[in-house]
Amino acid sequence: MNFDPTDEQRRWRDLARDFAQGEIRPRAADLDREQKFPYDIVADMARLGLMGLTLPEEYGGSGGDFVAYNLALEEISRADTSVGITMEAHISLGCAPIVAYGTQEQKEKFLSGCATGESLWAFGLTEEEAGTDAGGTRTTAELEGGEWIINGSKKWITNSGTDITAGATVIARTGTREGVRPELTAIIVPQDTSGYTRGKAYEKLGWRASDQHPLYFEDCHVPEENLLGERGRGFHQFLATLDGGRVAVAALSVGLAQACFDEALSRAKEREQFGRSISEFQAIQFKLADMAMEIELARNMVHKAAWMKEQGRSFGREASIAKVFASETAKRAADQAVQIWGGEGFMEPSAVARYWRQVKINEIGEGTSEINRQIIARSLLDESAEEAKEKMVAK
Ligand SMILES: Cc1cc2nc3c(=O)[nH]c(=O)nc-3n(C[C@H](O)[C@H](O)[C@H](O)COP(=O)(O)OP(=O)(O)OC[C@H]3O[C@@H](n4cnc5c(N)ncnc54)[C@H](O)[C@@H]3O)c2cc1C
């Protein structure tokens, strides 16, 4: 067993770390306060190859592996999870399905600008009635005269309304199967398509420098060839997309947990009470030790799940384990970081107050903790205890 990253993986991690600490971290508080999408940062990340890290080189991407991507994403998110989610939603949700299911022609047409990171691509699944229960999708797409006619709406779609967004892949109901089950299909919708509009950006608790909008489709026509993959395979496609996304959101959570730890450690060393550094109190030391332990475990789980995906193995359960554990680790780390900062940590200018606000979404986006626990439990129930243990230990 080898825990060392390859030279290439290390190169991506270090590149992301240097850029994140030098260019993103110093601006994270202002971006959060002003709720500004950081076009210049995203452009610089595109130039460095980070916005297309795993995307194929033939379309302008960087061709890096999935482990490298998660190492880089942790570093970006350690500086600012708003920028982290912009990178993650573009690569894992927006572009990965086009890479996985797109035709050659679709990849040339839609991936080229996106693989370099000059343009962004979004993924629209969630609706008013279809959150965790994506089968509740109401948006419809009807095939008529060689075109899909889309009607309905989506909500909270990341990267959908920036000045550099090129389009979205949208899950729509294209019929029913066995008379009852919705037939869900993925359809590519370029940004300038008539009948496709975006509503106002949301006011949010965290990820405030990232971009989310509601999407509206009113008799929106796109050519039949904008079908992504097979008709009726939308459900399968978004489940597979979300597996990859969950590992990445786990990496993002580890980055945020690490940022909480960084702040907690430096404050613990600096702050004096009762004539000595608070880091000399065992109560504070135990908090730091617990944070470090959990972060290490969460990071290892992210690396394992990412490595399994890279090996082409089934990794759905590991993705859910990583997502739940890392997001909850980050929540506990944010809480303890504020505690170690005391009243200063409750004041908005402090980084830990911002982290405390930002951390909650990690337990919700790309599958809530509840649904991920169900995925883990179901996968265990579906196989014998011995098989499960073998998979957990020896995979
Ligand atoms: C900032 C932000 C960005 C987002 N970006 C995107 C995006 O780019 N694309 C996209 O498609 N979506 C996006 N989403 C949507 C996100 O994926 C959903 O919020 C998430 O899937 C949960 O759906 P919901 O919020 O409707 O919660 P609900 O489904 O309404 O769930 C509410 C509560 O009930 C629980 N619950 C629901 N069903 C069950 C069950 N069967 N068993 C046990 N508990 C259950 C949930 O775990 C949760 O605690 C984004 C959301 C946010 C807030």
Side-chain angles (χ1 to χ4, degrees), residues 32 35 37 77 80-98 114 120-139 152-162 165-173 184-189 191 198-217 228 234-235 237-246 248-250 252-253 256 319-320 323-324 327-328 331 357-378 381:
D32 174 77
Q35 304 188 51
F37 187 84
S77 307
D80 187 0
T81 50
S82 277
V83 180
I85 194 60
T86 300
M87 176 180 169
E88 191 275 339
H90 170 65
I91 294 179
S92 288
L93 298 184
C95 295
I98 302 179
C114 289
L120 297 176
W121 199 267
F123 177 72
L125 171 64
T126 305
E127 300 183 4
E128 199 55 46
E129 305 302 329
T132 304
D133 177 14
T137 296
R138 301 269 168 93
T139 295
S153 63
K154 298 283 170 185
K155 70 178 192 180
W156 302 330
I157 307 305
T158 304
N159 290 338
S160 61
T162 71
T165 300
T169 302
V170 174
I171 302 291
R173 187 185 276 252
L184 298 182
T185 300
I187 299 175
I188 292 172
V189 186
Q191 197 75 342
R198 273 78 49 196
K200 257 181 68 188
Y202 300 96
E203 282 271 337
K204 301 173 300 255
L205 193 61
W207 287 356
R208 285 156 61 88
S210 71
D211 175 88
Q212 284 85 16
H213 297 261
L215 315 183
Y216 304 112
F217 304 92
L228 181 64
F235 203 82
Q237 288 171 13
F238 73 69
L239 287 182
T241 300
L242 287 177
D243 279 346
R246 281 170 187 153
V249 172
L252 181 147
S253 300
L256 179 52
S320 290
K323 164 83 164 53
V324 172
S327 60
E328 295 183 2
K331 185 172 74 174
R357 278 194 284 103
Q358 283 178 335
V359 78
K360 186 61 199 168
I361 184 62
N362 298 347
E363 293 176 279
I364 298 171
E366 297 186 39
T368 62
S369 290
E370 289 79 6
I371 219 63
N372 277 294
R373 281 192 164 84
Q374 275 186 22
I375 292 169
I376 297 163
R378 275 193 202 135
L381 293 167

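Computed from a prediction, not measured in an experiment: that's the story for all the values here. Note that ligands are numbered from 1 as they come in the structure, with each ligand's atoms numbered from 1 the same way.
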Give the contacting part of [X] toward ligand 1: side chain, backbone, both or neither, where contact means a heavy-atom distance below 4.0 Å.
X	result
N159	neither
T368	side chain
Q374	side chain

Exam field: side chain N362 to backbone L252, donor-acceptor pair closer than 3.5 Å: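 Not at all, since once roles are kept as given, no pair shorter than 3.5 Å links the two residues.
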Taking distance alone, with N or O pairs closer than 3.5 Å, would you say [X] contacts ligand 1?
X	value
T158	yes
F123	yes
K204	no
E370	yes
W207	no
G131	no

Residue pair [X] / [Y]: nearest heavy atoms and the distance that separates them:
X	Y	result
F238	F123	CB-CZ, 3.4 Å
I157	L125	CD1-N, 4.0 Å
G161	R198	CA-CG, 4.4 Å
C95	C114	SG-CB, 3.8 Å

Is the closest protein non-hydrogen atom to [atom] under 4.0 Å?
atom	result
atom 37 (C) of ligand 1	yes
atom 49 (O) of ligand 1	yes
atom 32 (C) of ligand 1	no

Between CE on residue M87 and OG on residue S210, distance to nearest 0.5 Å: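 Output value for this atom pair is 14.5 Å.
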Gap between atom CD1 of I375 and atom CG of D243 - 0.5 Å precision: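 Those atoms lie 7.0 Å apart.
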Counterpart residues, salt bridge (Lys or Arg N to Asp or Glu O under 4.0 Å), relative to E128 (two or more places apart):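 Residues passing salt bridge (Lys or Arg N to Asp or Glu O under 4.0 Å) with E128: K155.
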Salt bridge (Lys or Arg N to Asp or Glu O under 4.0 Å) involving R373 - partner list, sequence neighbours excluded: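 Salt bridge (Lys or Arg N to Asp or Glu O under 4.0 Å) check on R373 returns E328.
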Among T126, L93, I171, closest by any non-hydrogen atom to atom 16 (C) of ligand 1: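 Checking each option, the heavy atom nearest atom 16 (C) of ligand 1 is found in T126.
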Shortest heavy-atom approach to atom 53 (C) of ligand 1 - which of I361, L215, D211: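 Result: the heavy atom closest to atom 53 (C) of ligand 1 is in I361.
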I need the nearest protein heavy-atom contact for [atom]: residue, atom name and distance, please.
atom	value
atom 29 (O) of ligand 1	T132 OG1, 2.6 Å
atom 25 (O) of ligand 1	W156 CZ3, 3.3 Å
atom 17 (O) of ligand 1	E366 N, 3.6 Å

Heavy-atom check, side chain of V324 versus side chain of R246, under 4.5 Å: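 They are not in contact (no side-chain heavy atoms under 4.5 Å apart), so the answer is no.
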Any side-chain heavy-atom pair of T137 and F235 under 4.5 Å: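 The answer is no; the side chains never approach within 4.5 Å.
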Option among E88, Q212, E366 that satisfies the side chain to side chain donor-acceptor pair (under 3.5 Å) test with T158: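 Of all the options given, the one that passes is Q212.
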Ligand 1 atoms in contact with I157 (distance to a heavy atom under 4.0 Å):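 Near I157, the atoms of ligand 1 are 7 (C), 8 (O), 9 (N), 10 (C), 11 (O).
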Atoms of ligand 1 close to I364 [distance to a heavy atom under 4.0 angstrom, numbered from 1]: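 Reading through ligand 1 atom by atom, the close ones are 19 (O), 20 (C).
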